[in-house]
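Right, one structure below, let's go through it.
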Amino acid sequence: MFSVLLPTNSLLVAALSLLLTRLSSSSLSVPDIPHIAAYFGTKTRYEEVNPHLLRDLTSVNTSVLKPPPNERCSPVHLTAVIRHGSRYPTVKNIRRIQKLSELVRREASRGSGGPEDWLREIQSRWDMCVRERRCRGVAMVSGHPCVSSLQVLEYKSDLKQYWKRSHGHVISGLSSCPLFHHVFRTLDKAGRPRRSTEASPEPASILLGHAETLLPLLSLLGLYKDQTPPTANNYHAQHGRSFRSGRIVPYAANLLFVLYDCQRGPRLQLLINESPVRFPGLEAEDAPLYRDVRATYRHLLDGCDFNRESEFFPHSNLRIKA
Ligand SMILES: *[C@@H]1O[C@H](CO)[C@@H](O)[C@H](O)[C@H]1NC(C)=O
C-alpha cells in the first residue's frame with residue numbers, strides 16, 4: 001500500500017500546498033487557494049464541490065429541485081443528514097504537523113536559503129521520488145507533477161474510506177441500519193395522507209454527523225458503487241471512478257431527502273451536496289414515487305436489523321458515531 005512508502009505524505013502535502021499557495025497566488029483568480037485543493041479526500045473543502053459559493057456564499061441553486069414537470073407538486077418535507085464543517089486537525093495530527101514544522105525550521109536554518117527555498121527543494125526531490133518509485137508509468141493526467149502525485153495520495157485516502165466505511169465490507173453499510181430506519185420512519189410520517197383539518201407535517205428533520213455517518217448510509221442506499229472495487233493494484237483503471245471521497249464527503253457534506261406532495265402521490269428526491277442524484281434502480285426519474293422508493297428498499301425496510309446483523313458479524317470492529 002502507498003502509506004507504507006510515504007507515511008507522512010499528507011503532512012508533506014499540507015506543507016507543500018501552503019508553499020504553493022504563496023508561490024502561485026498571483027496566477028489564481030481567487031487568492032490563497034492551491035490548485036491541488038480538490039484532492040484532499042474527506043478534508044476537502046465544500047467549495048471544491050460547489051465552486052459557485054466562492055462568488056456568493058449564500059447562493060442556493062433552486063433548479064436542483066426536480067419534480068416531474070408535467071405533474072403538480074409541492075415540496076412538503078426535508079430530511080437532511082449533514083456532516084460538520086471544517087474542523088481543526090486531530091491532536092495526533094497537530095503533533096505531527098508540529099514535528100514537521102520543527103524539522104523544516106531546523107533544516108532551513110542550516111542551509112543558505114530561507115524555508116521556501118528548502119521546501120521548493122524537497123518538493124522537486126519528492127516529485128522525482130514519486131515518479132521513479134511509485135508512479136512508474138502513470139500518465140501525467142494533469143500537466144503539473146504535484147497534481148499527479150496528489151491524485152495518487154487522494155486514491156490512497158479513497159481506498160481507506162472505501163474499505164473501512166463503504167462498499168468494501170457489507171457490515172459498514174449495515175452499521176447505518178438504525179439511521180436508515182429513522183430516516184424512512186420520518187418520511188413515512190411526513191408523507192402519510194392527511195385530512196385538511198390535520199396539522200401539516202414537520203417541514204424538516206435535520207441530523208448532524210460525521211463522514212463516518214454519511215459514507216455507510218450512502219453505501220447502504222447503494223450509491224457510488226463502481227463495478228470494480230478500487231484496490232492497491234488497479235489505480236490505472238480507477239480514473240473514472242465515482243467513489244471519490246472529496247466529492248462525496250467533503251467538509252459540510254450533506255444528504256437531503258426532499259419529499260413532494262404530488263398529484264399521483266408523494267415523491268422523493270435525493271440531493272447530495274446540493275446536486276440531484278438518482279436512486280439506484282430508479283434511474284428514470286429525479287423524483288420517483290415514494291412508494292417505488294420504498295419498494296426498491298423493501299429488503300432493508302423489512303430487515304436491516306442492526307442488533308441481529310451485528311450478531312452475524314461478532315468480530316467486526318463496529319463504531320457508530322452519532
Ligand atoms: C443549478 O442546478 C442545475 C440542475 O442540477 C444545473 O444544471 C446547473 O448547472 C446549476 N447551476 C449552478 C450555477 O451550479
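The first residue of the sequence shown is numbered 1, and numbering continues consecutively from there.
Here the side chain of N273 pairs a donor or acceptor atom with the backbone of R247 at under 3.5 angstrom. Although no hydrogens or angles enter the test, the distance criterion places a donor-acceptor pair under 3.5 Å between the side chain of N234 and the main chain of T231. Counting only distance, with no hydrogens or angles, the side chain of N61 and the backbone of E274 share no donor-acceptor pair below 3.5 Å. Of the possible polar contacts, none joining the Q238 side chain to the F243 backbone as a donor-acceptor pair under 3.5 Å is found. D226 places no side-chain N or O within 3.5 Å of a backbone atom of T228 that could act as its donor or acceptor partner. Under the 3.5 Å distance criterion, the side-chain polar atoms of H210 are left unmatched by any main-chain donor or acceptor of H84. Listed for the S219 side chain is a donor-acceptor partner under 3.5 Å among the backbone atoms of L215.
Surrounding CZ of R87 are more than 12 heavy atoms belonging to other residues, nucleotides or ligands, all under 6.0 Å away. By the neighbour-count criterion of 12 heavy atoms within 6.0 Å, atom CD of E71 is densely surrounded, having more than that number from other residues, nucleotides or ligands. Heavy atoms from other residues, nucleotides or ligands lying under 6.0 Å from CZ of R194 number more than 12.
Under the 4.5 Å side-chain heavy-atom criterion for Ile, Leu, Val, Met, Phe, Trp and Tyr, L271 and I82 are members of distinct hydrophobic clusters. Note on L223 and V183: same hydrophobic cluster, where clusters join Ile, Leu, Val, Met, Phe, Trp and Tyr whose side-chain heavy atoms are under 4.5 Å apart, directly or indirectly. Under the 4.5 Å side-chain heavy-atom criterion for grouping Ile, Leu, Val, Met, Phe, Trp and Tyr, I248 is not connected to L256 through any hydrophobic cluster. L221 and Y162 fall within a single hydrophobic cluster, where Ile, Leu, Val, Met, Phe, Trp and Tyr side chains are chained together by heavy-atom contacts under 4.5 Å. Under the 4.5 Å side-chain heavy-atom criterion for grouping Ile, Leu, Val, Met, Phe, Trp and Tyr, L217 is connected to L282 within one hydrophobic cluster.
In this structure, the side chains of S245 and K160 stay at 4.5 Å or more apart for every pair of heavy atoms. With contacts defined as side-chain heavy-atom distances shorter than 4.5 Å, the pair F279/L270 qualifies. Side-chain contact between C304 and H181: present, with at least one pair of heavy atoms (C-beta onward) separated by less than 4.5 Å. The closest side-chain heavy-atom distance from L187 to H77 is below 4.5 Å. L218 has its side chain within reach of I272: a pair of non-hydrogen atoms, C-beta onward, lies under 4.5 Å apart. Put simply, the side chain of L78 does not reach to within 4.5 Å of the side chain of P203, judged on heavy atoms. Counting heavy atoms from C-beta outward, S205 and F257 have side chains that stay 4.5 Å or more apart. Looking at H182 and L207, their side chains come closer than 4.5 Å, going by heavy atoms from C-beta outward.
Across all their heavy atoms, P216 and A211 have their closest contact at CD-O, 4.1 Å. Annotation for V64 and P276: closest pair O-CG, 3.7 Å, computed over non-hydrogen atoms. Contact detail for E47 and L53: the closest heavy-atom pair is CG-CB, 4.2 Å. Listed here is the closest heavy atom pair of T296 and P280: CG2-O, 3.7 Å. Minimum interatomic distance between P250 and T44 (heavy atoms only, all atoms of both residues): CB-O, 3.3 Å. In terms of heavy-atom proximity, P75 sits nearest to V258 at CB-CG1, 4.3 Å.
Using cut-offs of 30° and 60° for the angle between ring planes, the Y235 and H239 rings count as perpendicular.
In this structure, the separation between OG on S172 and CD on E212 is 11.0 Å, given to the nearest 0.5 Å. With rounding to the nearest 0.5 angstrom, the CG atom of N254 is 9.5 Å from the OG atom of S275. Distance check, rounded to the nearest 0.5 Å: CZ of F40 to OG of S157 gives 11.0 Å. Annotation: the span from L300 atom CG to D305 atom CG amounts to 12.0 Å, rounded to 0.5 Å. Rounding to the nearest 0.5 angstrom, the gap separating the NZ atom in K156 from the CD atom in Q161 is 10.0 Å. To the nearest 0.5 Å, the span separating CG on L153 from CD on Q151 amounts to 10.0 Å.
Under a 4.0 Å N-O distance rule, the pair E154/R241 qualifies as a salt bridge. Using a 4.0 Å cut-off between charged side-chain N and carboxylate O, R278 and E283 make no salt bridge. Remark: R45 engages E48 in a salt bridge, criterion side-chain N to carboxylate O under 4.0 Å.
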Practice prompt. Verify side chain to side chain contact (heavy atoms under 4.5 Å, CB included) between L214 and R165, making sure each step is shown before the conclusion.
Written response: CA-CA 9 Å; L214 274 168; R165 323 210 194 284; over 6 Å; no
Practice prompt. Given side chain to side chain contact (heavy atoms under 4.5 Å, CB included), test F184 with V293 step by step and report yes or no.
Written response: CA-CA 10 Å; F184 274 85; V293 177; 4.1 Å; yes
Worksheet item: Can E202 and T186 be said to form a side chain to side chain contact (heavy atoms under 4.5 Å, CB included), step by step?
Response: CA-CA 9 Å; E202 292 288 339; T186 309; over 6 Å; no
Item to complete: Would you sort out whether N93 and Y88 count as a side chain to side chain donor-acceptor pair (under 3.5 Å), showing the intermediate values?
Response: CA-CA 9 Å; N93 280 330; Y88 285 121; over 6 Å; no
Fill in: Full working for side chain to side chain contact (heavy atoms under 4.5 Å, CB included) between Y224 and R244
CA-CA 9 Å; Y224 303 107; R244 281 188 61 202; over 6 Å; no
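Checked against Y260 for a side chain to side chain donor-acceptor pair (under 3.5 Å), the options R72, R267, Q269 give a single hit: Q269.
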